Amino acid sequence: MDKKKIIFLLGATGIGKTTIALSLAKKINAEIISCDSMQIYRKMNILTAKATAKQRKKSRHHLLSILEPTVEYNVAQYRRDALKICAKLDSQGKIPLFVGGTGLYYSVIVDGLFPVLPQAKRIRERLEKLLRSKKSGYLYKKLVKVDPQAAGKIHPHDGRRIVRALEVYLQTGKPISFWQKKRKGLGNEYEVKLLGLNLKRELLYKRIDLRVEKMFRLGLIKEVQKLLKLNLSKTAACAIGIPELKGYFNQEYNLDEAKRLLQRNSRHYAKRQLTWLRKDKRVKWININNADTATAIAQRIYKLLN
RNA sequence: GGGUAGGUACCCAAGUGGCCAAAGGGGACAGACUGUAAAUCUGUUGCACCUGUGCUUCAGAGGUUCGAAUCCUCUCCUGCCCA
C-alpha cells in the first residue's frame, strides 16, 4: 500500500515560500501548515510577513495566528498541534503541506522529539539563576560530570543548551543524551518530501533588504509599537524587528539605523536557516531565480513530486 | 600660505623599536543546533604550502638600526584651526 504523502516546503526568509505554497497547495489538494515559530502569533502580521487574509482564503492555513503574542509556546507544543492537524487532513484525504523556515520545528515533525515531561519550572529557574550568578564554566563542569556525552556536543559558552541538558537530567534522573536517542519520526507512516528553495545568495539578500523596506511602508513601526505595550512572550519578544525597533523607540539610534539592523539581522538569520537545511541531506533543492514566477516554481515542484 | 591632528587589513579602530600578519569591533564566509529556535552558540577572515614554516603588508620613496607599523627626511592625501 502506498504511504501517505507529507510535504515540507522550506527555505530562508524572504525567498517566497508563501506564494509558491499557495499555488502548490491547490494543485495537489493540500492544506498549508505553517512551520514558523513566529507566525504562530497574532498581531505580528507585517513583522513576520504572514500570508494576507486574501491569500489565506485561497487555501486553508493552519497554525498561523493562533496565539496571543503574550503566550509562551515551544517545539513540543508545536509538534502536538501539527500532528493533530496532520491526522485530520489524512482523514480528509488531503496532503499536509508544511511551509516555513524554522529548522527545529520541521525536524521535530519529521524526526520526532524525545519524550520528557513538561518543563520543570523550578529547576529551570534555579539553573538560570546559577547561569547568571556563577562563573561561566560552573554549570558546564556539572554537565560534564553527569552527562559527558551531551557535554561533548555542547560548547561551554552555550548557556542555554547547558541549562536544558541539566534540567532534563535533574528532572528525570537520566542524561539528556539518553533521551535524545529515543526519537521517533514519521518515516514509517509517511512518504516524506523535503523541498528546499534556493536562490543565489546575493539575490536573496537583496530581496530581504527590499522586503524590510516594504514592511516599513506597510506600517511596521505602528505594529511593533503596539506589540511593545504588551508583555510579550520570550519567543515573540525576539522576533527580528522587535529589539531593533525598541532601540529606536528608546532613542538609542535613529530610524535608518533601526532599518539597517533589521536588514542585517534578517540576512544573518537567513544564513543560519540555510546552514540548517544544507546539513539535512534529505532536502531536495529547488533552485530558483528572480525571473521565476511563483506559479512556475509551483509547477516545477508539482512535476518533481509525481 | 601658516599651524595642527592624522593616513593601519573589506570597513571602523588599537598598537608608538623586537613578544606584530598586527588587539578590539563591524561586515563577510563557514559551522553547531532535540521543549525560548527569527533564539542560543562556535570557527575562519594578507598569500602559499597546510596547524608549523615561507613570502608580501601598516599612504609613497629613501634613511637610521642587528631589528621599524613604531625613529628621521622628503613627497602625496585627509580633517580641523588661523590667514
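Remember, it's a predicted structure, so these values are computed and weren't measured experimentally. By convention in this document, chain letters (A, B, ...) are assigned in the order of the sequence lines, proteins followed by strands, and residues within each chain are numbered from 1.
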Item checked: Counter-base of B:A13, judged by Watson-Crick or G-U geometry with both distances under 3.5 Å -> none

Check: What integer distance in Å separates A:Arg124:CZ from B:U40:C1'?
Finding: 12 Å

Next item on the list: Look at the side chain of A:Arg161 against the base of B:A39 and say whether a donor-acceptor pair falls under 3.5 Å; ignore hydrogens and angles.
Entry: yes

Checklist line | B:G26 and B:U44, which share atom name C1', separated by this distance in whole Å | finding: 16 Å

Next item on the list: Identify whether NZ of Lys or CZ of Arg in A:Lys246 sits under 6.0 Å from the centre of the six-membered ring of A:Phe249 and within 45° of that ring's axis.
Entry: no

Note to self: Only pairs with both distances under 3.5 Å count, Watson-Crick or wobble alike; so what is the partner of B:C47 in this structure?
What the structure shows: B:G54

Note to self: Applying a 4.0 Å non-hydrogen cut-off, can you work out what A:Val108 is touching in the nucleic acid: base, sugar-phosphate, or nothing?
What the structure shows: nothing

Check: Watson-Crick or G-U wobble partner for B:C74, using a 3.5 Å limit on both distances?
Finding: B:G60

Check: What orientation do A:Phe98 and A:Phe8 show, parallel under 30°, tilted 30 to 60°, or perpendicular over 60°?
Finding: parallel

Note to self: Nearest heavy atom decides the nucleotide; on that basis, is A:Ser107 or A:Leu47 closer to the 5' end of RNA chain B?
What the structure shows: A:Ser107

Checklist line | P-based separation of B:G24 from B:U42 [nearest Å] | finding: 14 Å

Margin query: Check this one for me: any side-chain N or O of A:Arg278 less than 4.0 Å away from OP1 or OP2 of B:A30?
Written below: yes

Next item on the list: Write down the distance separating the C1' atoms in B:C71 and B:G79, rounded off to the nearest Å.
Entry: 25 Å

Next item on the list: Round to a whole Å and report the spacing from CG of A:Asn74 to P of B:U40.
Entry: 17 Å

Item checked: P-based separation of B:A61 from B:C66 [nearest Å] -> 23 Å

Next item on the list: Scan every strand shown for a Watson-Crick or G-U wobble partner of B:C80, both distances under 3.5 Å, and answer none if you come up empty.
Entry: B:G3

Note to self: Can you identify which nucleotide, out of B:U34, B:C29, B:A37, has its nearest atom closest to the A:Arg183 side chain?
What the structure shows: B:U34

Checklist line | B:U56 and B:A9, which share atom name C1', separated by this distance in whole Å | finding: 13 Å

Next item on the list: Identify, with sequence neighbours excluded, every residue that meets side-chain contact (heavy atoms from CB on, under 4.5 Å) alongside A:Arg217.
Entry: A:Glu213, A:Lys214

Checklist line | Below 4.0 Å: OP1/OP2 of B:U36 and any side-chain N or O of A:Tyr73 | finding: no

Checklist line | G-U wobble or Watson-Crick pairing nucleotide for B:U65 (cut-off 3.5 Å, both distances) | finding: none

Checklist line | Residue met sooner reading RNA chain B from 5', once A:Leu277 and A:Arg201 are mapped to nucleotides | finding: A:Arg201

Notebook entry, point to check: When we call it a touch if two heavy atoms are under 4.0 Å apart, what does A:Thr13 touch: a base, just sugar-phosphate, or nothing?
Noted result: nothing

Checklist line | Option from A:Lys271, A:Lys279, A:Gln273 for which side-chain hydrogen bond (donor to acceptor under 3.5 Å, both in side chains) with A:Thr275 holds | finding: A:Lys271

Note to self: Within the 4.0 Å heavy-atom criterion, would you say A:Tyr205 contacts the bases, only the backbone, or no part of the nucleic acid?
What the structure shows: sugar-phosphate

Note to self: Could you tell me how far apart A:Leu166 (CG) and B:U40 (C1') are, to the nearest whole angstrom?
What the structure shows: 16 Å

Next item on the list: Looking only at side-chain atoms of A:His157, point me to the closest of B:C29, B:U34, B:C41.
Entry: B:C41

Item checked: B:A68 to B:C80 separation - P atoms, rounded to the nearest Å -> 36 Å

Margin query: Could you tell me how far apart A:Lys279 (NZ) and B:C41 (P) are, to the nearest whole angstrom?
Written below: 18 Å

Notebook entry, point to check: In whole angstrom, what separates A:Arg164's CZ from B:A32's C1'?
Noted result: 18 Å

Which pairs of donor and acceptor atoms, one on a side chain in residues 185-195 of chain A, lie under 3.5 Å apart (sequence neighbours left out)?
unit_1: A:Tyr190; atom_1: OH; unit_2: A:Asp90; atom_2: OD1; d: 3.3
unit_1: A:Tyr190; atom_1: OH; unit_2: A:Asp90; atom_2: OD2; d: 2.5
unit_1: A:Glu191; atom_1: OE2; unit_2: A:Lys193; atom_2: NZ; d: 3.4

Check: Rounding to a whole Å, what distance do you find between A:Ile162:CD1 and B:U36:C1'?
Finding: 16 Å

Next item on the list: Write down the distance between NZ (A:Lys181) and P (B:U34), rounded to a whole number of angstrom.
Entry: 15 Å

Notebook entry, point to check: Who is the Watson-Crick or G-U wobble partner of B:U40, with both distances under 3.5 Å?
Noted result: B:A32

Notebook entry, point to check: Hey, does A:Trp179 reach any base, or is it just sugar-phosphate, or nothing, if we go heavy atoms under 4.0 Å?
Noted result: nothing

Next item on the list: Within residues 248-272 of chain A, find the residues that approach RNA chain B with a heavy atom at under 4.0 Å, and present them sorted by residue number.
Entry: A:Arg264, A:Arg267, A:His268, A:Tyr269, A:Lys271, A:Arg272

Check: Quantified in whole Å, what is the C1' atom distance between nucleotide B:A37 and nucleotide B:G25?
Finding: 26 Å

Next item on the list: Check whether any side-chain nitrogen or oxygen of A:Lys234 sits under 4.0 Å from OP1 or OP2 of B:A39, and answer yes or no.
Entry: no

Checklist line | Set of salt bridge (charged side-chain N to carboxylate O under 4.0 Å, His left out) partners for A:Glu31, sequence neighbours left out | finding: A:Lys94

Check: Nearest to the side chain of A:Ile240 - B:G35, B:U40, B:A39?
Finding: B:A39

Checklist line | Spacing of the C1' atoms in B:G15 and B:C19 (rounded, Å) | finding: 13 Å

Next item on the list: Using only side-chain N and O atoms of A:Thr275, determine if any of them is under 4.0 Å from OP1 or OP2 of B:G31.
Entry: yes

Notebook entry, point to check: Which part of the nucleic acid, if any, lies within reach of A:Tyr105 when heavy atoms closer than 4.0 Å are counted: base, sugar-phosphate only, or nothing?
Noted result: sugar-phosphate

Checklist line | Test side-chain contact (heavy atoms from CB on, under 4.5 Å) applied to A:Ile240 - qualifying residues, sequence neighbours left out | finding: A:Glu244, A:Leu262, A:Asn265, A:Ser266, A:Tyr269

Next item on the list: For residues 16-30 of chain A, pull every pair meeting side-chain hydrogen bond (donor to acceptor under 3.5 Å, both in side chains), keeping only residues two or more places apart or in separate chains.
Entry: A:Lys27-A:Gln299

Margin query: So that I can tick it off, tell me whether A:Asp292 and A:Arg300 are bridged by a salt bridge, with the cut-off set at under 4.0 angstrom between side-chain N and carboxylate O.
Written below: yes

Note to self: Rounded at 0.5 Å granularity, tell me how far CG in A:Asn290 sits from CG in A:Leu203.
What the structure shows: 5.0 Å

Next item on the list: Identify whether any heavy atom of A:Asp111 sits under 4.0 Å from a base atom; if not, whether one sits that close to sugar-phosphate; answer base, sugar-phosphate or nothing.
Entry: nothing

Next item on the list: To the nearest Å, give me how far apart CD (A:Glu128) and C1' (B:U40) are.
Entry: 12 Å

Notebook entry, point to check: Where do A:Met44 and A:Pro69 come nearest, in terms of heavy atoms and distance?
Noted result: SD-CB, 4.1 Å

